Asker: 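Take this structure first; my questions come after.
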Amino acid sequence: MHKRQFLSAIACASLALTASTAMAQDKFKIGLILPMTGPFASTGKQIEAAARLYMAQNGDMVAGKKVELIVKDDTSAADVTKRLAQEMVVNEKVSVLAGFGLTPLAFATAPIATQSKTPMVVMAAATSSITQASPFIVRTSFTLPQAAVAIADWAPNNGIKKVVTLVSDYGPGIDAEKYFKDRLTFNGGQVLDTLRVPMRNPDFAPFLQKVRDLKPDAVYVFVPSGAGAALMKQFAERGMDKAGIKLIGTGDITDDDILNSMGDVANGVVTSHHYSASHNSPLNKKFVAAFEKANNGLRPNFMAVGGYDGMRVIYEAAKTTKGAGGQALLDAMKGQVFESPRGPMFIDAQTRDVVHNIYIRKVEKVNGQLYNQEFATLKDVKDPGKAR
Ligand code: PHB
């Protein structure tokens, strides 16, 4: 190669490099890591659909940059989540990591967020301590203690004094059990036994038999979104309701995604949660209608709302920083106050965790469809799991 040719080749290469760097800078990349296949695929589907709806409604430009949503399936395996997060940070240079359908997936990724100083928006996972795993985590889902305490206050005032708890044996289940038990006991109720079922492929039958033998007023249940239908079916098949045992729980059990397919056994079940698709506000009605329209009639559940609000937090923070990432982006996420389809919410600047209303709801038929009908509201509930 002649010297001139060589120099011009270098010039071209560096031009190409400048162009591609400029393009990278003109993009604002969000790495959305979700379980899109396997037993928790409904969580991935709901959150991806909500994120896309947010972008369709708010545009794909923020602070003069084109928003690129990169969706990856972690199959709900924590080592995969972690590897995908690493690749997104190193190769894609994402400004934000988001998603996290289950607690172990969020914990596995937290060190990547810390080391790379990349804000990590947890849209689904709900074990209280997750936000403490990295100073770069912000949560838009909920925490199990928020929901558990609320139903433990409601139950003893409504004839439910003796309870057996039945939870999935991992982070959120253990939170759901502990905060319910402590509060119910404080309120003068009694937990007769604490049963824990495997998180994956649980066979509820032997546990429900145990509940039947103990004859409590109610069984209090936490299973992760997507697993509620199997439990409800077995609850009905064993005639638990006919034996006079009520079912209560956090709203994960009467998840809007599958509630309508549960049939009559779900009718009348009382739960506590931060979101119902039938939440009565103009903003929620608009959200549900747009979500259903864009997704063949699929009803949004609380996972969708965590994803939708997570996108809001990201967009508004990016506007504040004019598209800059890292610590500045994180700081702009803290303290955001806004109206969500769930009702009013904010991101506590100290804890980086969500503060919102918790509603007590009862499953009822509305126009032939089963919905969680909210009938009482606890306002601005902070995570009881955080040290005061
Ligand atoms: C979690 O793994 O943190 C989790 C998953 C599904 C839920 C709640 C919590 O419904």
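The shown structure was predicted, so the numbers you read here are calculated from the model rather than taken from an experiment. Start at 1 and go down the list; that is how both ligands and their atoms are numbered.
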Asker: Using a strict cut-off of 4.0 Å, indicate which atoms of ligand 1 neighbour a heavy atom of A125.
Answerer: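 Listed by number with element: 1 (C), 3 (O).
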Asker: Only heavy atoms of M303, strictly under 4.0 Å: list the atoms of ligand 1 that pass.
Answerer: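 In order of number, 6 (C), 7 (C), 10 (O).
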Asker: Show your reasoning for whether side chain to side chain contact (heavy atoms under 4.5 Å, CB included) applies to R212 and L208.
Answerer: CA-CA 6 Å; R212 241 195 120 134; L208 289 173; over 6 Å; no
Asker: So, D252 side chain and S225 main chain: donor-acceptor pair closer than 3.5 Å or not?
Answerer: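 The answer is no, because no donor-acceptor pair under 3.5 Å joins these two groups.
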Asker: Looking at Y308, does the NZ or CZ of R342 lie under 6.0 angstrom from its six-membered ring centre and within 45 degrees of the ring axis?
Answerer: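 No, cation not above the ring by the 6.0 Å, 45° rule.
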Asker: Between S278 and Q373, is any side-chain donor less than 3.5 angstrom from a side-chain acceptor?
Answerer: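 On atom types as modelled, these side chains qualify, holding a pair under 3.5 Å.
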Asker: Give yes or no for whether the N/O distance cutoff of 3.5 Å, strictly under, is met between A126 and ligand 1.
Answerer: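 Looking only at distances, the answer is yes, because the N/O contact criterion of under 3.5 Å is met.
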Asker: Considering only heavy atoms of D252, which atoms of ligand 1 have at least one such atom less than 4.0 Å away?
Answerer: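 Once the distances to D252 are compared, the set is 7 (C), 8 (C), 10 (O).
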Asker: Where's the contact between F107 and ligand 1, heavy-atom distance under 4.0 Å: side chain, backbone, both or neither?
Answerer: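 The answer is neither.
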Asker: Atoms of ligand 1 less than 4.0 Å from L102 heavy atoms?
Answerer: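 Atoms satisfying the 4.0 Å criterion: 1 (C), 2 (O), 5 (C).
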Asker: Does Y220 use its side chain to pair, donor to acceptor, with the backbone of A152 at less than 3.5 Å?
Answerer: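 Checking the backbone N and O of A152 against the side chain of Y220, no donor-acceptor pair under 3.5 Å is found.
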Asker: With heavy-atom distances below 4.0 Å as the criterion, list the atoms of ligand 1 near G101.
Answerer: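 Result: 5 (C).
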Asker: I'd like to know if G226 contacts ligand 1, where contact means a heavy-atom distance under 4.0 Å to any ligand atom.
Answerer: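 Outside the 4.0 Å threshold, so no.
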Asker: By the salt bridge (Lys or Arg N to Asp or Glu O under 4.0 Å) test, which pairs, at least two apart or in different chains, include something from residues 86-109?
Answerer: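 Output for this query lists K29-E92, R83-E87.
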Asker: If a pair satisfies salt bridge (Lys or Arg N to Asp or Glu O under 4.0 Å) and one of its residues is in residues 157-177, list it, with sequence neighbours excluded.
Answerer: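 The answer is E177-R196.
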Asker: According to the interplanar angle, ranging from 0 to 90°, do the rings of H274 and H356 count as parallel (below 30°), tilted (30 to 60°) or perpendicular (above 60°)?
Answerer: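 Geometry flag for H356 against H274: parallel rings.
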Asker: Could you tell me, atom by atom, which parts of ligand 1 come under 4.0 Å of a heavy atom of P224?
Answerer: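 Listed by number with element: 5 (C), 6 (C), 7 (C), 10 (O).
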Asker: Work out whether the distance between some heavy atom of Y170 and some atom of ligand 1 is less than 4.0 Å.
Answerer: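 Flag set, Y170 near ligand 1.
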Asker: Heavy atom under 4.0 Å from ligand 1: found in S225's side chain, backbone, both, or neither?
Answerer: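 Both the backbone and the side chain of S225 come within reach of ligand 1.
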Asker: Is the backbone N or O of M345 less than 3.5 Å from a side-chain atom of Q336, with the two atoms forming a donor-acceptor pair by type?
Answerer: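 Such a contact is absent between Q336 side chain and M345 backbone.
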Asker: In terms of atom number and element, which parts of ligand 1 are under 4.0 angstrom from non-hydrogen atoms of T103?
Answerer: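 That gives atoms 1 (C), 2 (O), 3 (O) of ligand 1.
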Asker: Below 4.0 angstrom from a heavy atom of F302, which ligand 1 atoms are there? Numbered from 1 as shown, please.
Answerer: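 Checking each atom against F302, I get 10 (O).
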